Amino acid sequence: GVAFLRPAEDVFAQYDENLAARNERRAEYVAQRSEPAITRDGVRIRLDMNAGLLLDMPHLEDSGAEGIGLFRTELQFMVQPEFPDVRTQIEIYSRILDEAGDKPVLFRTLDIGGDKILPYQDGPLEREENPAMGWRAIRVGLDRPALLRTQLRALLYAASGRHLGVMFPMVAEVPELRAARRILDLEIERLARRNVAPPARLEVGIMLEVPALFWQLENLLPLVDFVSIGSNDLIQFLFAADRSSPRLSERYDVMAPGFLRLLRTLVEACGEAGVQVSLCGEMAGRPLDAMALVGVGLRALSVAPSAVG
């Protein structure tokens with residue numbers, strides 16, 4: 001931000017004017033938030049919100065979002081003083097589902113590793129030159145199956161008799177999804193042996209961030225209920241451009257024909273397979289980009305609460 005020391009009266013006046021205009025726009029959004037998101041030609045668009053902490057949940061009602069299209073479970077781990085055991089996780093996920101009510105929540109399994117390090121993580125970590133493409137997310141979960149099993153167990157218990165959406169991140173090959181699904185199935189069997197009611201409805205999907213999956217759709221789509229496009233990582237991997245680099249962050253246009261063509265092909269493939277598809281990422285929260293996404297066929301977007309309205 002910018003700090004002004006002893007600002008002149010005209011600076012005060014300009015900020016007062018900007019603040020008034022912002023409040024006016026906010027009032028307009030509040031008045032419209034209960035209106036359905038429908039294009040002028042009658043196409044219904046689903047607007048979900050992203051979340052990652054319990055304190056985000058009140059925004060679900062305030063924003064008028066239809067559900068949680070992405071719950072980043074690792075954020076709740078990062079604010080804990082120690083690794084949360086199964087009971088602690090069950091309590092957290094139960095509270096999230098309670099606050100969501102009848103609105104669906106898609107939980108992304110832990111996306112840790114790379115540049116997301118848990119403060120209580122044991123042992124020294126090898127420095128990676130490209131942490132975004134390093135040992136993270138589902139790669140950590142499959143190499144440390146007890147970690148993934150613990151989280152899936154807690155999710156299943158918390159969602160007993162309720163809807164549960166589970167999303168595996170950073171999947172690069174279909175065998176990785178199969179392996180993650182086997183771990184989930186083991187926990188479902190464990191639940192049955194203990195006479196605990198399973199979720200009333202279980203949906204399993206992936207976050208599509210790695211371009212390699214685009215050429216595996218024929219084998220991937222029969223295994224999932226939904227695909228969530230993680231546009232932030234997908235764009236940086238597709239263009240080989242580190243999105244944290246100031247020199248590259250604006251170099252590649254998210255509405256480049258090649259990227260939009262990829263999205264259109266993916267949407268069509270999911271439609272033919274009867275698989276739900278949505279997009280969560282920064283571009284979904286920008287009006288012009290969002291219109292382009294609707295234009296390529298996307299009918300579900302998940303954005304920050306402030307971008308919903």
Side-chain angles (χ1 to χ4, degrees), residues 37-50 69-70 106 108 111 114 130-133 136-137 167-174 176-177 205-304 306-309:
I38 300 176
T39 64
R40 289 188 176 183
D41 57 349
V43 177
R44 180 81 162 81
I45 308 299
R46 179 184 178 88
L47 291 179
D48 291 328
M49 67 168 247
N50 302 331
L70 167 63
L106 295 184
R108 184 178 70 184
D111 186 359
N130 297 294
M133 294 188 290
R136 54 172 282 211
M167 174 164 47
F168 296 111
M170 200 65 183
V171 174
E173 293 186 312
V174 172
E176 290 178 330
L177 173 62
I206 57 110
M207 177 166 279
L208 198 153
E209 306 158 273
V210 182
L213 270 187
F214 183 73
W215 289 275
Q216 302 173 61
L217 294 178
E218 183 179 353
N219 296 321
L220 170 74
L221 295 180
L223 304 178
V224 296
D225 299 302
F226 65 88
V227 169
S228 178
I229 303 168
S231 61
N232 294 349
D233 273 342
L234 180 59
I235 290 168
Q236 77 164 341
F237 296 154
L238 187 67
F239 290 112
D242 183 354
R243 59 189 171 102
S244 66
S245 169
R247 293 187 177 185
L248 297 177
S249 59
E250 302 295 331
R251 187 182 186 99
Y252 298 100
D253 187 357
V254 297
M255 291 197 286
F259 181 62
L260 294 181
R261 190 174 298 117
L262 181 147
L263 293 181
R264 180 59 181 261
T265 303
L266 176 59
V267 169
E268 290 175 346
C270 289
E272 292 174 1
V275 172
Q276 305 170 57
V277 60
S278 62
L279 184 141
C280 59
E282 293 176 4
M283 68 179 299
R286 297 190 289 263
L288 186 60
D289 295 355
M291 286 190 285
L293 295 175
V294 172
V296 299
L298 280 157
R299 298 295 179 260
L301 306 175
S302 190
V303 300
S306 59
V308 178

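Remember, predicted model here, so these are calculated numbers, not experimental data. As a basis for the values below, the full set of heavy atoms in this structure was taken, side chains included, without hydrogen atoms, waters or symmetry mates.
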request  = Determine which pairs satisfy salt bridge (charged side-chain N to carboxylate O under 4.0 Å, His left out) with at least one residue from residues 206-218, sequence neighbours left out, and list them in order.
outcome  = R136-E209

key: Nearest heavy-atom neighbours spanning G69 and D48   = N-CB, 3.5 Å

request  = Taking all heavy atoms of A304 and all of N50, pick out the closest pair and write down the distance.
outcome  = N-ND2, 3.9 Å

ask   = How far apart are the closest heavy atoms of L260 and V254, and which atoms are they?
value = CD2-O, 4.2 Å

remark   = Correct closest heavy-atom pair for A284 and A290 would be O-CB, 3.7 Å

request  = Measure the spacing between CD1 of I235 and CE of M283 and express it to the nearest 0.5 Å.
outcome  = 5.5 Å

note = In this structure, OG of S306 is separated from CE of M49 (nearest 0.5 Å) by 10.0 Å

remark   = In terms of heavy-atom contacts, V267 and G297 come closest through CG1-O, 3.6 Å

message = Once rounded to the nearest 0.5 Å, what's the spacing between atom CG of L221 and atom CG of L266?
response = 7.5 Å

inquiry  = With heavy-atom distances below 4.5 Å as the criterion, would you say the side chains of L208 and I206 are in contact?
reply    = yes

key: Contacts of type salt bridge (Lys or Arg N to Asp or Glu O under 4.0 Å), residue E268, not counting sequence neighbours   = R264

ask   = For R286, what residues pass the salt bridge (Lys or Arg N to Asp or Glu O under 4.0 Å) criterion, not counting sequence neighbours?
value = D289

inquiry  = For V210, give me all partners under side-chain contact (heavy atoms from CB on, under 4.5 Å), at least two apart in sequence or on another chain.
reply    = M170, A172, A212

message = Please report the interatomic distance CE(M255) to CG(L293), rounded to the nearest 0.5 Å.
response = 9.0 Å

note = The side-chain hydrogen bond (donor to acceptor under 3.5 Å, both in side chains) partners of S231 (sequence neighbours excluded) come to none

key: Residue list, salt bridge (Lys or Arg N to Asp or Glu O under 4.0 Å) with R44, at least two apart or on another chain   = E66

note = So ring pair (Phe, Tyr, Trp, His ring centres under 6.0 Å) across residues 214-240, not counting sequence neighbours, yields F239-Y252

inquiry  = Just verifying a value: how many Å separate M207 CE and L213 CG, rounded to the nearest 0.5 Å?
reply    = 12.5 Å

task = Side-chain contact test, heavy atoms from C-beta onward, threshold under 4.5 Å: evaluate it for S228 versus C280 and give yes or no.
result = yes

task = Could you list the residues that satisfy side-chain hydrogen bond (donor to acceptor under 3.5 Å, both in side chains) with D242, not counting sequence neighbours?
result = S244

note = side-chain contact (heavy atoms from CB on, under 4.5 Å) filter on D225, not counting sequence neighbours, yields E203, V204

key: Minimum heavy-atom distance V303-G285, with the two atoms named   = CG1-N, 3.6 Å

inquiry  = Any heavy-atom pair between the side chains of S278 and L298 that's under 4.5 Å?
reply    = no

ask   = Quick one: side-chain contact (heavy atoms from CB on, under 4.5 Å) partners of M291, sequence neighbours excluded?
value = L288

inquiry  = So, using side-chain contact (heavy atoms from CB on, under 4.5 Å) as the criterion, who are the partners of V294 when residues are at least two apart?
reply    = T39, I45, R299

query = Do L217 and V227 have side-chain heavy atoms sitting under 4.5 Å apart?
reply = no

remark   = Here the salt bridge (charged side-chain N to carboxylate O under 4.0 Å, His left out) pairs for residues 271-285, sequence neighbours left out, are none

